[in-house]
**Student:** 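Have a look at the structure that comes next, please.
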Amino acid sequence: MTVIAVIPARGGSKGVPRKNVREVGGRPLVARAVDAALAADQIDAVYVSTDDAEIAAVSELAGARVIDRPAELASDESSSEDALLHALQSLAADGVSPDILVFIQATSPFIDPAALDAAVGRVRAGAADVVFSAVPTHAFLWRNTPDGAAAVNHDAAVRPRRQDREPHYQETGAFYVMRAAGFAEARFRFFGRIGIAITADGDALEIDTAEQFALAETLAERRNR
């Protein structure tokens, strides 16, 4: 089976300008994502889908191939699925038809290549059609209603101990491994049999704010000691 990784990384970012080329631990975010994918034994090729010349140059320097994404698929309203479907179409035009698609988000700076390999292995073996990264949580979730706060994932009248509660799982957003044909048909990242790749809390950080960049830099410094 052919396994390719696609990393969507557009140039526009309102929350943190030029986010995908900002550095964490001395490496641009998009380069860190490329590094993780290249280090995974189960991934045959790594592509970055971008509309931005600087991101393209950084990605190629890191060892990825670049897919030029049209501007209409790189707006604030464009979805990751839009970029992935365009990537598959572009690859098909070049005669590349992957069996497994690994969707990696550059905003997750601490992706473990071994976790990517394990997730690919599950899809390759037919154990799941999609495997996504997540962390377990025992958090008590609430939502606001016109009548006040209401419990979401628990009975507000019962407060079981953490060890007595079944965990829920929160997507980290780091990676999604899926059958390419199934994704092309569903046009959405979740379809068929869905599996969870439980990742370490330390690998789960997703960067969307300046404060999270600062936290990521601190974590990177600790890991490099």
Side-chain angles (χ1 to χ4, degrees), residues 3-22 28-37 40 43 45-52 54-56 58-59 62 64-92 96 98-111 115-116 119-120 123 128-135 169-192 194-197 199 203-209 212:
V3 181
I4 64 141
V6 175
I7 304 165
R10 66 188 183 94
S13 175
K14 291 184 177 178
V16 181
R18 308 299 299 161
K19 176 171 62 177
N20 287 313
V21 291
R22 281 191 56 171
L29 274 184
V30 69
R32 292 183 71 98
V34 172
D35 293 344
I43 295 176
V46 182
Y47 295 84
V48 172
S49 168
T50 187
D51 62 323
D52 185 271
E54 183 182 8
I55 292 174
V58 169
S59 301
R65 306 172 194 180
V66 171
I67 296 172
D68 293 323
R69 195 191 325 179
E72 61 267 23
L73 297 182
S75 69
D76 290 340
E77 291 74 33
S78 300
S79 68
S80 296
E81 277 79 0
D82 291 335
L84 295 172
L85 289 166
H86 172 262
L88 289 179
Q89 292 165 1
S90 298
L91 292 173
V96 179
D99 298 291
I100 295 175
L101 172 64
V102 182
F103 163 32
I104 294 176
Q105 300 210 87
T107 48
S108 297
F110 302 114
I111 297 174
L116 292 174
V120 171
V123 176
D129 297 302
V130 179
V131 174
F132 69 95
S133 61
V135 290
Y169 296 91
Q170 177 180 329
E171 289 179 53
T172 70
F175 63 82
Y176 304 79
V177 178
M178 60 196 90
R179 289 190 303 104
F183 169 72
E185 180 179 355
R187 304 181 70 82
F188 191 66
R189 73 191 73 176
F190 293 116
F191 59 89
I194 301 171
I196 299 174
T199 57
D203 297 337
L205 178 64
E206 184 176 14
I207 297 179
D208 288 310
T209 66
Q212 289 167 336

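Note that the structure is a prediction, hence the values are computed from the model and not measured. Count residues from 1 along the sequence.
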**Student:** If you compare all heavy atoms of A31 against all heavy atoms of V58, which two are closest, and at what distance to 0.1 Å?
**Tutor:** CB-CG1, 4.2 Å
**Student:** On the 0 to 90° scale, with breaks at 30° and 60°, tag the F132-Y176 ring pair as parallel, tilted or perpendicular.
**Tutor:** parallel
**Student:** Could you check whether any side-chain heavy atom of P98 comes within less than 4.5 Å of a side-chain heavy atom of V96, counting everything from C-beta outward?
**Tutor:** yes
**Student:** In Å and rounded to the nearest 0.5 Å, what is the CD1 to CD1 distance from I111 to I7?
**Tutor:** 7.5 Å
**Student:** Check the surroundings of atom CD in Q170: do more than 12 heavy atoms from other residues, nucleotides or ligands lie under 6.0 Å from it?
**Tutor:** no
**Student:** Is the backbone of Y47 close enough, under 3.5 Å, to the side chain of S59 for a donor and an acceptor to pair up by distance?
**Tutor:** no
**Student:** Give a yes or no on this: more than 12 heavy atoms of other residues, nucleotides or ligands lie within 6.0 Å of atom CD of E185.
**Tutor:** no
**Student:** Output, in order, the C-alpha distance, side-chain angles, deciding distance and verdict of side chain to side chain contact (heavy atoms under 4.5 Å, CB included) for L101 and I4.
**Tutor:** CA-CA 5 Å; L101 172 64; I4 64 141; 4.0 Å; yes
**Student:** How far does CE of M178 sit from CZ of F188, to the nearest 0.5 angstrom?
**Tutor:** 9.5 Å
**Student:** Compare every heavy atom of F175 with every heavy atom of A115, then report the nearest pair and how far apart it is.
**Tutor:** O-CZ, 3.9 Å
**Student:** Is there a side chain to side chain contact (heavy atoms under 4.5 Å, CB included) between L91 and I67? Walk through the geometry before answering.
**Tutor:** CA-CA 8 Å; L91 292 173; I67 296 172; 4.2 Å; yes
**Student:** Between T199 and V135, does the side chain to side chain contact (heavy atoms under 4.5 Å, CB included) criterion hold? Intermediate values first, please.
**Tutor:** CA-CA 6 Å; T199 57; V135 290; 3.7 Å; yes
**Student:** If you apply the rule side chain to side chain contact (heavy atoms under 4.5 Å, CB included), what do you find for I104 with L116, and how did you get there?
**Tutor:** CA-CA 9 Å; I104 294 176; L116 292 174; 4.0 Å; yes
**Student:** Between CZ of R187 and CG of L84, what distance do you get to the nearest 0.5 Å?
**Tutor:** 11.0 Å
**Student:** What is the minimum heavy-atom distance between S133 and G173, and which atoms define it?
**Tutor:** OG-N, 4.2 Å
**Student:** For L205 versus Q212, what's the shortest heavy-atom pair and its separation?
**Tutor:** CD2-O, 3.9 Å
**Student:** Nearest 0.5 Å, please: how far is OG in S80 from CG in L73?
**Tutor:** 11.5 Å
**Student:** Answer yes or no: does atom CZ of R189 have more than 12 heavy-atom neighbours from other residues, nucleotides or ligands under 6.0 Å?
**Tutor:** yes
**Student:** Do the side chains of I207 and V16 get nearer than 4.5 Å, heavy atoms only?
**Tutor:** no
**Student:** Flag the pair T172 / D203 as yes when at least one side-chain heavy-atom distance between them is below 4.5 Å, and no otherwise.
**Tutor:** no
**Student:** With E54, which of K19, R22, R18, R10 fulfils salt bridge (Lys or Arg N to Asp or Glu O under 4.0 Å)?
**Tutor:** R18
**Student:** Are the side chain of D51 and the backbone of G11 linked by a donor-acceptor contact shorter than 3.5 Å?
**Tutor:** yes
**Student:** Which pair of non-hydrogen atoms, one from V48 and one from A9, has the smallest distance, and what is that distance?
**Tutor:** CG1-CB, 4.2 Å
**Student:** Roughly how far, to the nearest 0.5 Å, is the CZ atom of F110 from the CZ atom of R32?
**Tutor:** 5.0 Å
**Student:** What distance separates L85 CG from S79 OG, expressed to the nearest 0.5 Å?
**Tutor:** 7.5 Å
**Student:** Which atom pair, heavy atoms only, marks the closest approach of S78 to E72?
**Tutor:** OG-O, 3.3 Å
